[in-house]
Amino acid sequence: MGENGVFADIIAGDTFKYYSDGEWKVSASGKFVPIINPTNKKIQFKVQACTQEEVNKVMESAKSAQKLWAKTPLWKRAELLHKAAAILKDHKKPIADCLVKEIAKAAKDAATEVVRSGDLISYCAEEGVRVLGEGKFLMSDSFPGNERTKYCLTSKIPLGIVLAIPPFNYPVNLSVSKIAPALIAGNSLVLKPPTQGAVSALHMIHCFHLAGFPKGVISCVTGKGSEIGDFLTMHPGVNCISFTGGDTGIAISKKAGMIPLQMELGGKDACIILEDADLDLASSSIVKGGFSYSGQRCTAVKVVLVMESIADSLVKKVNEKLGKLTVGPPENDCDITPVVTESSANFIEGLVMDAKKKGATFCQEYKRKDNLIWPLLIDNVKPDMRIAWEEPFGPVLPVVRISKVEEGIHHCNASNFGLQGCIFTKDINKAILISDAMETGTVQINSAPARGPDHFPFQGLKDSGIGSQGVTNSINMMTKIKSTVINLPTPSYTMG
Ligand code: NAP
């Protein structure tokens, strides 16, 4: 498991180090957390199980570093971020190799994730110099009863320490989508990467180290979320939490203190297909949207709601396309690769068996070998089946046949989730009416749900989240408005 070249510093023996106060360190716990390769189920990597004491040290260093970092000119902060982005892109191969081994992401998609992340960092640096370089100037005489005796100047100030906790499915991209806005805004950043995905994230952090960020401005502690998660999220030093993941986020929201929270949680993205839809476009989008990275995407199509009169044709077209997907190891760039853990595979199987028992129509034979599950379309799904409501996070997609579009909207809105949804129709007027009726953070018209491009606003309603992401929204969320009011002894009006 030896690391070469620029990454030699981040490993000791066979265990990756954690990053604190600008240095790579071995935990005093003497314990490690194994990362199981989803494809061969062997231990692929080991990371440090950091202690509470080490978390305290990280917070102390992050706190003192932040004071100086906030005094660093904005253009210099942007320059360092651009440097980190370039280094990240230059090292896309070793980082992508880690993604292949620890989360079974197909090799090509893994490389794309790293490049997209570099672009996101650069975009954030550029956006930051504009968004943070502007404030407001208000005058008092617009409010009844006031003369023009007060000038109010507002600017955006950092919050302090931002704690970032991303999920396994985009451990690099969903880390930098929190790191870059936090840093450009003058915060320091503590990352707790997902266990599956931690080693890719540690490599990414090293790119920030190589770029020359001052010590303590960025840190990374590793360990199981179930063991150090509560200590981190309830730590008094933390001034903001940006979390992406599942229901864990709901629990964190209840425990965290009085600090801003950005939560991007699960989804059950509905795809409503009207009678006039282009079924070639709809079926390609369903296959791409539902089965890319084996369905392990928050914005995957997770339930198809199709008008009965066109359902047979749509299902036939989707099945033809599913038959062409390749299934196998991520190293071979297969479309469908093993899901992340054995427990995920067992959970997916539970949903599939429940649908079978309750009489759904299986369009393919259900096939599983270890963590590898073959793509499966389940037709004639009824509301009493778990798969109609729960998020499989795997290559399994339910189809619910509807007789009226209102049934589709009702199904979408009856979900606890409200991340994204999509509509296929050639009638833009109908599409707008349906979009407005859907209780989701985003609706895509004639395309599958998607998080990108990364500067678009991205938000979930209900159990899908708090706040909004996307480059500008994240920068704003990680700052607070500060006002300075100049009080004049006599009213002053600009000469006409
Ligand atoms: P998860 O189990 O909720 O884990 C997410 C992160 O939380 C991981 O880093 C995990 O660390 C950490 N964690 C676990 N317990 C914790 C605790 N008590 N306190 C603090 N942190 C804790 O989610 P996942 O399985 O990685 O990802 C799948 C879920 O994420 C799906 O529901 C998916 O829809 C959602 N997701 C949402 C979006 C979005 O933007 N809306 C994007 C992608 C994924 P460990 O790995 O060490 O347990």
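We count ligands from 1, going down the list as the structure has it; atoms in each ligand are counted the same way. No hydrogens, no waters, no symmetry mates; every other heavy atom, side chains included, goes into these values.
- Atom 23 (O) of ligand 1 has its closest protein heavy atom at G246 N, 3.4 Å.
- Residues H235 and N56 bring a donor and an acceptor atom of their side chains to less than 3.5 Å of each other.
- Here I165 has side-chain heavy atoms under 4.0 Å from ligand 1, and that is the only part of it that gets that close.
- Per-residue contacts place G223 under 4.0 angstrom from the following atoms of ligand 1 (heavy atoms of the residue considered): 47 (O).
- Residues E54 and T51 bring a donor and an acceptor atom of their side chains to less than 3.5 Å of each other.
- Remark: minimum distance from atom 39 (C) of ligand 1 to any protein heavy atom is reached at C298 SG, 3.3 Å.
- Note that the CG atom of D454 and the CG atom of L120 stand 4.5 Å from one another [nearest 0.5 Å].
- Side chains of W24 and H206: a donor on one and an acceptor on the other come within 3.5 Å.
- Proximity to F243 (heavy-atom distance under 4.0 Å) selects the following atoms of ligand 1: 3 (O), 5 (C), 6 (C), 7 (O).
- Counting heavy atoms closer than 4.0 Å to ligand 1, residue L174 contributes side-chain atoms (C-beta onward) but none from N, CA, C or O.
- Within the 4.0 Å heavy-atom criterion, the part of I252 lying near ligand 1 is the side chain and not the backbone.
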Fill in: Chi angles and distances behind the side chain to side chain donor-acceptor pair (under 3.5 Å) call for S415, K268
CA-CA 7 Å; S415 170; K268 184 71 183 172; over 6 Å; no
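- With hydrogens and angles left out, the side-chain atoms of Q48 and T15 include no donor and acceptor closer than 3.5 Å.
- For atom 24 (P) of ligand 1, the nearest non-hydrogen atom of the protein is F168 CD2, 3.7 Å.
- Salt bridge present: D230 and K255 bring a charged side-chain N and a carboxylate O closer than 4.0 Å.
- Ligand 1 places these atoms under 4.0 Å from at least one heavy atom of F458: 39 (C), 40 (O).
- The two residues A185 and T479 make their nearest non-hydrogen contact at CB-CG2, 3.6 Å.
- Put simply, the side chain of K302 gets close to the backbone of C298: a donor and an acceptor are under 3.5 Å apart.
- Each of the following atoms of ligand 1 lies closer than 4.0 Å to a heavy atom of F393: 28 (C), 31 (C), 33 (C), 34 (O).
- Short contacts between ligand 1 and T244, defined as distances under 4.0 Å to a heavy atom of the residue, involve ligand atoms 5 (C), 37 (C), 38 (C), 39 (C), 40 (O), 42 (C), 43 (C).
- Close approach of ligand 1 to K224 is summarised as follows: ligand atoms under 4.0 Å from at least one heavy atom of the residue are 47 (O).
- Relative to atom 14 (C) of ligand 1, the option among G197, G225, G460, S344 with the closest non-hydrogen atom is G225.
- Protein heavy atom nearest atom 34 (O) of ligand 1, with residue, atom name and distance: E391 OE2, 2.5 Å.
- Of the listed residues (L191, D463, T248), the one carrying the non-hydrogen atom nearest atom 4 (O) of ligand 1 is T248.
- Side-chain contact of Q420 with T299: a donor-acceptor pair under 3.5 Å is absent, judged by distance alone.
- Summary of contacts: the protein heavy atom closest to atom 19 (N) of ligand 1 is G229 CA, 3.2 Å.
- Per-residue contacts place G266 under 4.0 angstrom from the following atoms of ligand 1 (heavy atoms of the residue considered): 32 (O), 34 (O).
- Applying the ring-ring contact (aromatic ring centres under 6.0 Å, His included) test to every pair with at least one member in residues 434-461, sequence neighbours left out, gives these pairs: Y123-H455.
- For the pair R451 and Y170, the cation-pi criterion (under 6.0 Å, within 45° of the ring axis) is fulfilled.
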Could you list the donor-acceptor pairs under 3.5 angstrom formed by side chains in residues 242-252, with sequence neighbours left out?
from	atom 1	to	atom 2	distance (Å)
S242	OG	K178	NZ	3.2
S242	OG	Q262	OE1	2.7
T244	OG1	K178	NZ	2.6

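- Residues K224 and T195 bring no donor and acceptor atom of their side chains to less than 3.5 Å of each other.
- Protein heavy atom nearest atom 10 (C) of ligand 1, with residue, atom name and distance: K192 NZ, 4.2 Å.
- When heavy-atom distances to ligand 1 are checked against a 4.0 Å cut-off, L419 comes that close only through its side chain, counted from C-beta outward.
- The protein heavy atom nearest to atom 46 (O) of ligand 1 is T195 N, 2.8 Å.
- Polar contact check, P167 against ligand 1: no nitrogen or oxygen pair lies under 3.5 Å apart.
- Closest heavy-atom approach to atom 8 (C) of ligand 1 among the candidates G245, P166, G249: P166.
- Close contacts of ligand 1 with D230, meaning ligand atoms under 4.0 Å from a residue heavy atom, involve 18 (N), 19 (N).
- At the top of the distance list for atom 44 (C) of ligand 1, counting protein heavy atoms only, stands N169 ND2, 3.4 Å.
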